[in-house]
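Working notes, structure below.
Order of the sequence lines fixes the chain letters, A, B, ..., with proteins taken first and strands second; residue numbering starts at 1 for each chain.
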Protein chains: 2
Amino acid sequence: MSANAPAGYDPHAFEPFAVTVDLAVFTVRDSRLHVLLVERGADPYKGYWALPGGFVLPRESAESAARRELAEETGLTEGTVSAFHLEQLRTYSDPDRDPRMRVVSVAYAALVPDLPEPRGGGDAASARWWDARTPGPLAFDHDRILADAHDRIGAKLEYSCLATAFCPPEFTLGELQQVYETVWGVELDRPNFRRKVLTTPGFVQAVEGSPRRTGGRGKPAALYRAGAATALHPPLLRPEGRST
Amino acid sequence: MSANAPAGYDPHAFEPFAVTVDLAVFTVRDSRLHVLLVERGADPYKGYWALPGGFVLPRESAESAARRELAEETGLTEGTVSAFHLEQLRTYSDPDRDPRMRVVSVAYAALVPDLPEPRGGGDAASARWWDARTPGPLAFDHDRILADAHDRIGAKLEYSCLATAFCPPEFTLGELQQVYETVWGVELDRPNFRRKVLTTPGFVQAVEGSPRRTGGRGKPAALYRAGAATALHPPLLRPEGRST
DNA sequence: ACAATAGTGTCTTTCAGACATTATAAT
DNA sequence: ATTATAATGTCTGAAAGACACTATTGT
């Protein structure tokens, strides 16, 4: 803003903007990427599914609003939710994106570990996890937002350590690899993946006195925690120029 | 927005938000990264320098507003300006970022070739190019926005062909290398840079019947145009984990 | 002749892809 | 035994870093 407020600019002079946040909450479940959706109970788009979200209140930032909505929609406490990765995606401002009024929405992507089915904490009675690739037509421009969010997360896995945000505090390398394979929709070579993760300083850190967790069959896997690193140098590039 | 408008929500019920755009317009000049700033003629922050920007009008998107402001502040036509690279950065929404009222700002980064000194086309009488690294304290939260913009551009040079956006339609590989060195603040090995650029399909395309442009002394350099490629696979990583 | 910039070629190191092999568990 | 998953090791090829060398201009 800021530079050129028309002299004597009156905030109430023309129809105001509403500012909202929309959340693409992702998790990896059963080797599929899932996104949290809520069913709309009122028009417009009554009966459609939509990304959870809500208005930014007069005295809070968009970040705060997003964090608050994340807690409400997942039914978890603010404390729990504060550990989840939440990042701003981009802002959607088409004048006609909401038929009721001028609504500018700041979209966020949240990455959470596998959670229990959401209990309807907020005003959205029905919230569910959906497969992120086949969400059918969503309300408003949420198909677009969801697609953008998916793209961004996929891209960030390449050059950041973000994948651990999908995992519980202690995880196996197999689980971490599942995250990559699921988000990218490709299969990775396990030995090469191990090598890359383990030789990147600070990506993961072995849990000492190594307890081992069994994934059912097979040899138990060593456990790791997320390391201190945040960036991946050099990056872990996906096999081909994929998008989904 | 969208999910949970309180039933019977009245847009005028509480103090409205203003939505603005702020622009970080970058160019490379004399081997230094420059950013376009305007001097504020009124309070708050009277006399401070600020990123150009302005209000989003009731019937336009933030993108349109940013493009419009870019034309106004550079004094160029919308047609000229439509060729420049303009991308959304992120949105700043701290409740106290503007002392006058609640202002949410969508920030954009614009990359332009070396332009003539801006003529005050808009209401901002004084607009100037400043060294992007030492802009002194700017108005509002614009120091933060500028730093974020610089970081983002630096990061995008690694995995995109964006550097050509700083160059005129025809440019030499030396000029392209200057862009990288200037934005990253490092020196690159020329032979290796050449090899990387020329072996990346679609990054640049040689101008046939090669006219050659002299940069003063030395051997004349071949000219290139930006290619069709938009992404860089594999990326062109900067030497160390730098940020400025 | 010399300085300055453009361009080529080569050696070495790093790292990713491919894939064989061993290890440890459940059935 | 068989199957399933985890972990190690090795070979190869692609690409980056370092750097020597040639080419073409202005002064």
Side-chain angles (χ1 to χ4, degrees), chain A residues 30-31 157-159 167 170-182 184 186-201 203-208 210-224 229 231-242, chain B residues 30-31 157-159 167 170-182 184 186-207 210-224 229 231-242:
Chain A
D30 308 323
S31 302
L157 289 193
E158 292 195 327
Y159 55 92
C167 299
E170 300 193 341
F171 52 87
T172 70
L173 293 187
E175 290 168 344
L176 189 62
Q177 183 174 348
Q178 271 294 328
V179 170
Y180 278 90
E181 294 182 332
T182 299
W184 286 348
V186 299
E187 294 213 331
L188 301 178
D189 180 82
R190 190 136 41 85
N192 294 340
F193 181 80
R194 278 184 72 78
R195 180 181 55 193
K196 177 63 181 176
V197 171
L198 294 179
T199 62
T200 299
F203 192 171
V204 298
Q205 128 191 47
V207 173
E208 292 303 340
S210 52
R212 316 187 142 242
R213 167 200 292 176
T214 166
R217 302 277 279 278
K219 176 175 175 177
L223 291 177
Y224 295 85
L232 223 52
H233 268 289
L236 202 170
L237 300 176
R238 58 192 122 181
E240 276 306 286
R242 305 287 308 279
Chain B
D30 307 324
S31 301
L157 289 193
E158 291 196 327
Y159 55 91
C167 298
E170 300 193 340
F171 52 86
T172 69
L173 293 187
E175 290 166 345
L176 189 63
Q177 183 174 346
Q178 270 294 329
V179 169
Y180 277 91
E181 294 182 331
T182 299
W184 286 348
V186 298
E187 294 213 331
L188 301 178
D189 181 82
R190 189 138 41 86
N192 293 340
F193 181 81
R194 278 184 72 78
R195 180 180 55 193
K196 176 63 181 175
V197 171
L198 294 179
T199 63
T200 299
F203 192 172
V204 298
Q205 131 189 47
V207 173
S210 51
R212 318 190 140 239
R213 166 201 293 175
T214 165
R217 304 277 280 278
K219 178 176 175 177
L223 290 178
Y224 296 85
L232 223 52
H233 268 289
L236 202 171
L237 300 176
R238 60 192 120 181
E240 276 307 283
R242 303 289 308 278

Q. What is the distance from CD of Gln177(B) to P of dG17(D), rounded to the nearest Å?
A. 12 Å
Q: Measure across Leu232(B) and Leu157(B) and return the closest heavy-atom pair with its distance rounded to 0.1 Å.
A: CD2-O, 4.1 Å
Q: For residues Leu236(A) and Tyr180(A), determine if any side-chain heavy atom of one lies less than 4.5 Å from a side-chain heavy atom of the other.
A: yes
Q: Please report how far the helix from dA1(C)-dT27(D) to dT27(C)-dA1(D) bends, comparing the axis fitted to its first five pairs with the axis fitted to its last five, to the nearest 10 degrees.
A: 10°
(Q) Holding to side chain to side chain donor-acceptor pair (under 3.5 Å), I want the full list of residues that pass it with Glu170(B), two or more places apart in sequence or in another chain. (A) Arg225(B)
(Q) Evaluate Phe203(B) against Leu176(B) for side-chain contact (heavy atoms from CB on, under 4.5 Å), listing each step before the verdict. (A) CA-CA 11 Å; Phe203(B) 192 172; Leu176(B) 189 63; 4.2 Å; yes
Could you write out each protein N or O paired with an N or O of nucleotides 1-3 of chain D at a distance under 3.5 Å?
none

Q | Atom pair distance, as rounded to whole Å: CD in Glu181(B) and P in dT5(C) | A | 12 Å
Q: Only counting residues at least two apart or in another chain, list the ones meeting side chain to side chain donor-acceptor pair (under 3.5 Å) with Asp189(B).
A: Asn192(B)
Q. What residues form a side chain to side chain contact (heavy atoms under 4.5 Å, CB included) with Gln177(A), not counting sequence neighbours?
A. Glu181(A), Leu188(A), Arg190(A), Phe193(A)
**Q.** Ser31(A): partners by side chain to side chain donor-acceptor pair (under 3.5 Å), with sequence neighbours left out
**A.** Gln178(A)
Q | d(CD, Glu175(A); P, dT5(D)) in whole Å | A | 13 Å
**Q.** By side chain to side chain contact (heavy atoms under 4.5 Å, CB included) - contacts of Glu158(B) (at least two apart)
**A.** His233(A), Trp184(B), Leu237(B), Arg238(B)
Q. How many Å lie between CG on Leu223(B) and C1' on dA6(C), as a whole number?
A. 12 Å
Q: Mark up nucleotides 14-21 of chain C, 5' to 3', with B wherever a protein heavy atom is under 4.0 angstrom from a base atom, S wherever such an atom reaches only the sugar-phosphate, and - elsewhere.
A: --BBBBB-
Q: State the CG-CZ distance between Leu198(B) and Arg195(B), to the nearest 0.5 angstrom.
A: 11.0 Å
Q. Considering all heavy atoms of both residues, which atom of Ala229(A) and which atom of Pro201(A) are nearest to each other, and what is their separation?
A. CB-O, 3.6 Å
Q: Fit a plane to each ring of Tyr159(A) and Tyr159(B), take the angle between them on a 0 to 90° scale, and name the class: parallel (under 30°), tilted (30 to 60°) or perpendicular (over 60°).
A: parallel
Q | Protein-nucleotide distance (Lys219(A), atom NZ; dT24(C), atom P), rounded to Å | A | 5 Å
**Q.** Distance, rounded to the nearest Å, where Leu176(A) contributes CG and dA6(D) contributes P
**A.** 12 Å
Q: Send over the distance from Leu198(B) CG to dA16(D) P, rounded to a whole Å.
A: 12 Å
